[in-house]
There are 2 protein chains.
Amino acid sequence: MKKTKDENTEEQILEAAKNVFQSKGMDGARMQEIADKAGINKAMLHYYYRSKQQLFEAVFKNAFSLLAPQLSAVLNDDSSIEDKVKNFTSNYISFIVKHPYLPNFIIQELNRNPDFILKLKDNPSFPNLEKFKIQVNYEVENGIIKPISAEQLFINILALNIFPFVAKPLIMAFTKADDDAYKTLIEDRKTEVANFIINSIKHV
Amino acid sequence: MKKTKDENTEEQILEAAKNVFQSKGMDGARMQEIADKAGINKAMLHYYYRSKQQLFEAVFKNAFSLLAPQLSAVLNDDSSIEDKVKNFTSNYISFIVKHPYLPNFIIQELNRNPDFILKLKDNPSFPNLEKFKIQVNYEVENGIIKPISAEQLFINILALNIFPFVAKPLIMAFTKADDDAYKTLIEDRKTEVANFIINSIKHV
DNA sequence: AAATTTATTAACCATTTGGTTAAACCATTC
DNA sequence: GAATGGTTTAACCAAATGGTTAATAAATTT
């Protein structure tokens with residue numbers, strides 16, 4: 001069983017790196033801290049992932065490949081826009097509650113280095129709006145939903161779902177919420193957001 | 001005229017620090033780069049602002065005091081919710097277009113150090129939701145808008161307005177927009193977002 | 001214009017940090 | 001059980017980085 005030990009160490013490194021990178025970002029992360037969290041020598045980090053940059057990219061791609069399918073699923077399934085919005089909102093918020101650092105990590109690092117996304121775009125699992133566009137246009141033309149461009153609707157859906165996590169400290173301060181109140185606020189949004197969107201676009 | 005030269009240097013430092021901190025964040029910023037951008041010796045940074053931390057805080061407070069009044073204005077004026085939403089959306093987007101790094105900077109740094117907001121909360125210009133809450137409740141009770149909590153509505157307004165700037169690289173990738181297309185997308189949102197919100201909450 | 005205060009710089013310093021190396025340690029193979 | 005090849009470590013290194021200092025230059029005060 002040659003592989004058990006290496007894979008274990010490699011996994012541990014990636015897990016430790018995930019924690020450190022996602023909470024402190026590329027610039028704030030320290031290789032020594034990652035090594036400590038993984039319970040190994042710093043040289044091991046370089047043994048398995050040549051450089052900080054490459055370790056970071058491994059973590060980043062990992063993170064993105066968790067998020068992307070969530071988006072793609074909604075964009076490509078066959079349910080109505082209304083059902084899509086309802087399902088997505090509830091599922092997505094549940095998902096992020098389990099991975100709270102994810103959206104902020106991705107957004108922050110993409111802003112730090114926008115070229116980074118080019119590496120992701122090629123990936124076949126990268127979210128594609130085409131089908132969603134056709135569907136929105138169809139429902140608009142058939143009077144199921146009010147006129148709106150697919151892009152703007154998509155941005156609105158993302159914004160309403162993701163922003164509350166990204167701006168958590170701001171929102172807690174503005175609404176004077178403690179951790180429990182924030183949690184409740186987020187929990188409420190699982191239905192709140194869907195209703196808000198549906199109300200806005202559904203033809204009466 | 002004792003002050004011309006110091007104030008000039010101090011200003012130049014703050015301006016350079018703003019550029020560097022807002023695009024690279026606290027951890028990614030380098031004192032040397034700030035000094036270079038300001039066209040002065042690195043020691044001057046410490047002469048005017050003891051440490052990197054204090055220079056950063058000066059920049060941060062400056063940034064926040066640009067944003068806060070924008071929010072407070074909406075929360076405290078006497079117009080109807082509908083007018084508030086319309087005015088805010090258009091004004092806010094115009095404002096951010098002029099200061100594109102601002103929202104991301106503030107959000108990123110508050111996530112890095114959430115205690116930071118405690119220092120801001122005391123400030124009398126810190127946005128206060130009380131009046132807005134009363135107004136939302138009033139309009140809900142009188143059937144002007146559909147039932148919604150003031151907090152959730154506020155979060156939705158912020159999300160729809162701010163998110164597209166914070167997540168610019170993501171949005172450009174998903175919608176396959178170049179810089180011009182992104183600009184158009186944002187420009188459209190000045191009316192789009194207000195309509196989206198009004199549609200959702202206005203009683204028919 | 002001498003004295004004094006303020007602004008500015010070059011050189012320096014201690015620490016941190018990503019990264020390397022050579023040796024030791026295992027586990028498997030022969 | 002010696003040889004082999006992958007794994008792990010301690011010690012080390014060079015560069016970068018925030019910060020300091022002592023000396024100089026420029027204003028301001030007296």
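We name chains A, B, ... by the order of the sequence lines, and we start the count at 1 in each one. Just so it is clear, the structure is predicted and the values come from calculations on it, not from any experiment.
For B:D78 and B:K131, the salt-bridge test passes: some basic side-chain N is under 4.0 Å from an acidic carboxylate O. Ion pairing between B:R189 and B:E192 fails under the 4.0 Å rule for side-chain N and carboxylate O.
Residue B:Y47 places none of its side-chain N or O atoms closer than 4.0 Å to OP1 or OP2 of C:dT6.
As a whole-Å value, the separation of A:Y49 OH from D:dT7 C1' is 15 Å. Protein atom OH of B:Y48 is 18 Å distant from nucleotide atom C1' of D:dG19, rounded to whole Å. Here the C1' atom of nucleotide D:dT17 and the CG atom of B:L45 are 13 Å apart, to the nearest Å. Atom P of nucleotide C:dA27 and atom CG of A:N8 are separated by 13 Å, given to the nearest angstrom. We find that CG of B:L55 is positioned 13 Å from C1' of D:dG19, with the value rounded to whole Å. C:dC26 atom P lies 17 Å from atom CD1 of A:I40, rounded to whole Å. Rounded to an integer number of Å, the gap from CG of A:D36 to P of D:dT9 is 12 Å.
By the neighbour-count criterion of 12 heavy atoms within 6.0 Å, atom CZ of A:F95 is densely surrounded, having more than that number from other residues, nucleotides or ligands. Within a 6.0 Å sphere centred on NZ of A:K37, other residues, nucleotides and ligands contribute more than 12 heavy atoms.
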Would you tabulate the side-chain donor-acceptor contacts of residues 21-28 of chain B under 3.5 Å, counting partners in other chains and residues two or more places apart, or write 'none'?
unit_1: B:S23; atom_1: OG; unit_2: B:N19; atom_2: O; d: 3.0
unit_1: B:S23; atom_1: OG; unit_2: B:V20; atom_2: O; d: 3.4
unit_1: B:K24; atom_1: NZ; unit_2: B:E33; atom_2: OE1; d: 3.2
unit_1: B:K24; atom_1: NZ; unit_2: B:E33; atom_2: OE2; d: 3.4

Footprint string (nucleotides 14-20 of chain C, 5' to 3'): B base within contact, S backbone only, - free, heavy atoms under 4.0 Å: ---SBBB
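Stacking of A:R112 on the aromatic ring of A:F56 is recorded, both the 6.0 Å distance cut-off and the 45° axial limit being met.
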